[in-house]
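Only one structure is covered here, and it is reproduced in the block below.
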Amino acid sequence: MDAREMKIKAAEAALAYVENGMRLGIGTGSTAEEFVRLLAEKVADGLQVQGVPTSERTARLCLELGVPLKSLDELPELDLTVDGADELDLQLRLIKGGGGALLREKIVAAASQRMIVIADETKLVDTLGAFPLPIEVNAFGLTATRIAVERAADRLGLSGDLKLRRSGEAVFTTDGGHHILDASFGRIPDAEALANRLNSIPGVVEHGLFINLASFAIIAGEAGARTLKA
Ligand code: 5RP
């Protein structure tokens, strides 16, 4: 099974949790997009759902494929969100934001009764941190924020490169108009402590550590899809 087939397997399994009439948070990234394609087929067959997209990119795909959309202000309470992840551990702590949508993804996940993470087995790790942690920052005072992040990490014994994300020649800008620092700290033994410290830095808009948000994960591998609960 190649990587795309595994993503489709995970997306198919998540689709089984979607019921008629649901208000759905719809994630961002290549795995979430497989979910959107399968969801669109069900919608074409008569399934009625209302989706809240977590990015402009996801919104475009949903509109192209005929998945009905609402804004989070129109539907502030959601039944279920289905989204991918860059990494997850056995306690269902996630690193997200590789696609740059972490802020909307976290807001949408927090507004949902349940969040299902869909991923292929390469994303499952013992300890988070091999994937650089995306930290969404305000453009104002970027250097001061970078120093504050370095100091916060240092207090936890973490260090590493903080790379300002680029898109070609330009600095990458999120849907919310912010920038992203990708932090290569390596292993993050205490994700909660790092999340708390990052939360207290004013220039940090949001970070990609998702803790206590995922209800369960569907992990696809060669042997098929399995459910992972914390
Ligand atoms: C976007 C995300 C994605 O869920 C994450 O990057 C995984 O993407 P993919 O399914 O393409 O590996 O957090 O901000």
Side-chain angles (χ1 to χ4, degrees), residues 10-86 88 91-119 134 136 174-178 191-192 195-196 198-199 204-219 227-230:
E12 268 170 359
L15 197 60
Y17 292 88
V18 176
E19 292 169 16
N20 208 43
M22 271 190 168
R23 300 157 298 177
L24 280 184
I26 305 180
T28 296
S30 56
T31 317
E33 284 172 6
E34 298 302 348
F35 174 76
V36 173
R37 289 189 188 97
L38 295 169
L39 179 67
E41 287 173 14
K42 292 277 178 199
V43 168
D45 289 345
L47 178 77
Q48 293 190 352
V49 290
Q50 293 177 300
V52 172
T54 53
S55 63
E56 299 301 324
R57 168 178 155 184
T58 294
R60 280 194 294 276
L61 183 65
C62 288
L63 291 174
E64 197 182 299
L65 299 179
V67 174
L69 293 184
K70 293 278 184 196
S71 71
L72 191 58
D73 284 320
E74 289 170 304
L75 290 183
E77 294 183 329
L78 303 174
D79 300 297
L80 174 68
T81 285
V82 179
D83 201 350
D86 297 300
L88 72 160
Q91 284 70 44
L92 293 182
R93 291 176 289 222
L94 318 175
I95 286 184
K96 286 187 53 58
L102 63 140
L103 176 60
R104 292 191 187 183
E105 288 173 329
K106 201 178 271 191
I107 293 170
V108 167
S112 300
Q113 266 174 37
R114 289 196 297 172
M115 177 196 192
I116 302 178
V117 179
I118 49 176
E136 185 157 348
T174 67
D175 286 343
H178 310 120
E192 283 84 355
N196 288 338
L198 293 175
N199 287 342
V204 170
V205 179
E206 196 44 87
H207 55 78
L209 288 168
F210 282 46
I211 296 170
N212 293 330
L213 284 169
S215 309
F216 62 93
I218 296 172
I219 310 288
T227 301
L228 176 67
K229 292 191 173 142

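- Counting all heavy atoms, side chain and backbone alike, I118 lies closest to A10 at CG2-O, 3.5 Å.
- Residues L72 and L78 are in side-chain contact: their nearest non-hydrogen atoms beyond the backbone lie under 4.5 Å apart.
- Of the inter-residue distances, the one linking M22 atom CE with R114 atom CZ reads 6.0 Å to the nearest 0.5 angstrom.
- With a 4.5 Å cut-off on side-chain heavy atoms, L209 and I95 count as touching.
- Using modelled atom types, one side-chain atom of D175 and one backbone atom of E56 make a donor-acceptor pair closer than 3.5 Å.
- Counting only distance, with no hydrogens or angles, the side chain of T54 and the backbone of I26 share a donor-acceptor pair below 3.5 Å.
- I116 is not listed as a side-chain neighbour of F35, based on a closest heavy-atom distance of 4.5 Å or more.
- With contacts defined as side-chain heavy-atom distances shorter than 4.5 Å, the pair L88/I219 qualifies.
- Closest heavy-atom contact between G100 and T174: O-CG2, 3.8 Å.
- A 6.0 Å sphere centred on CG of N212 holds no more than 12 heavy atoms belonging to other residues, nucleotides or ligands.
- For D83 (side chain) and T28 (main-chain N/O), a donor-acceptor pair under 3.5 Å exists by modelled atom type.
- Between the side chains of E33 and S30, no donor N or O sits under 3.5 Å from an acceptor N or O.
- Side-chain contact check for R93 versus E192: some heavy-atom pair is nearer than 4.5 Å.
- A pairwise comparison of heavy atoms in P134 and G97 identifies CG-C, 3.6 Å as the closest pair.
- In this structure, the side chain of T31 does not engage the main chain of A119 through any donor-acceptor pair within 3.5 Å.
- Atom CD of E77 sits in a sparse spot, with 12 or fewer heavy atoms from other residues, nucleotides or ligands closer than 6.0 Å.
- Checked against salt bridge (charged side-chain N to carboxylate O under 4.0 Å, His left out), R37 has the following partners two or more places apart in sequence or in another chain: E34.
- Between L92 and A230, the shortest heavy-atom contact is CD1-N, 3.6 Å.
- Counting only distance, with no hydrogens or angles, the side chain of S215 and the backbone of M115 share a donor-acceptor pair below 3.5 Å.
- Using a 4.5 Å heavy-atom threshold, the side chains of N199 and E206 count as touching.
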What pairs of donor and acceptor atoms, side-chain ones from residues 41-53 against any protein atom, are under 3.5 angstrom apart with sequence neighbours left out?
none

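- When all heavy atoms of K106 and H207 are compared, the pair lying nearest together is NZ-O, 3.0 Å.
- Heavy atoms only, all atoms of each residue included: V108 and G25 are closest at CG1-CA, 3.7 Å.
- For the salt bridge (charged side-chain N to carboxylate O under 4.0 Å, His left out) test, no residue two or more places apart in sequence or in another chain qualifies with D86.
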Kindly determine whether F210 and V117 satisfy side-chain contact (heavy atoms from CB on, under 4.5 Å), including the steps that lead there.
CA-CA 11 Å; F210 282 46; V117 179; over 6 Å; no

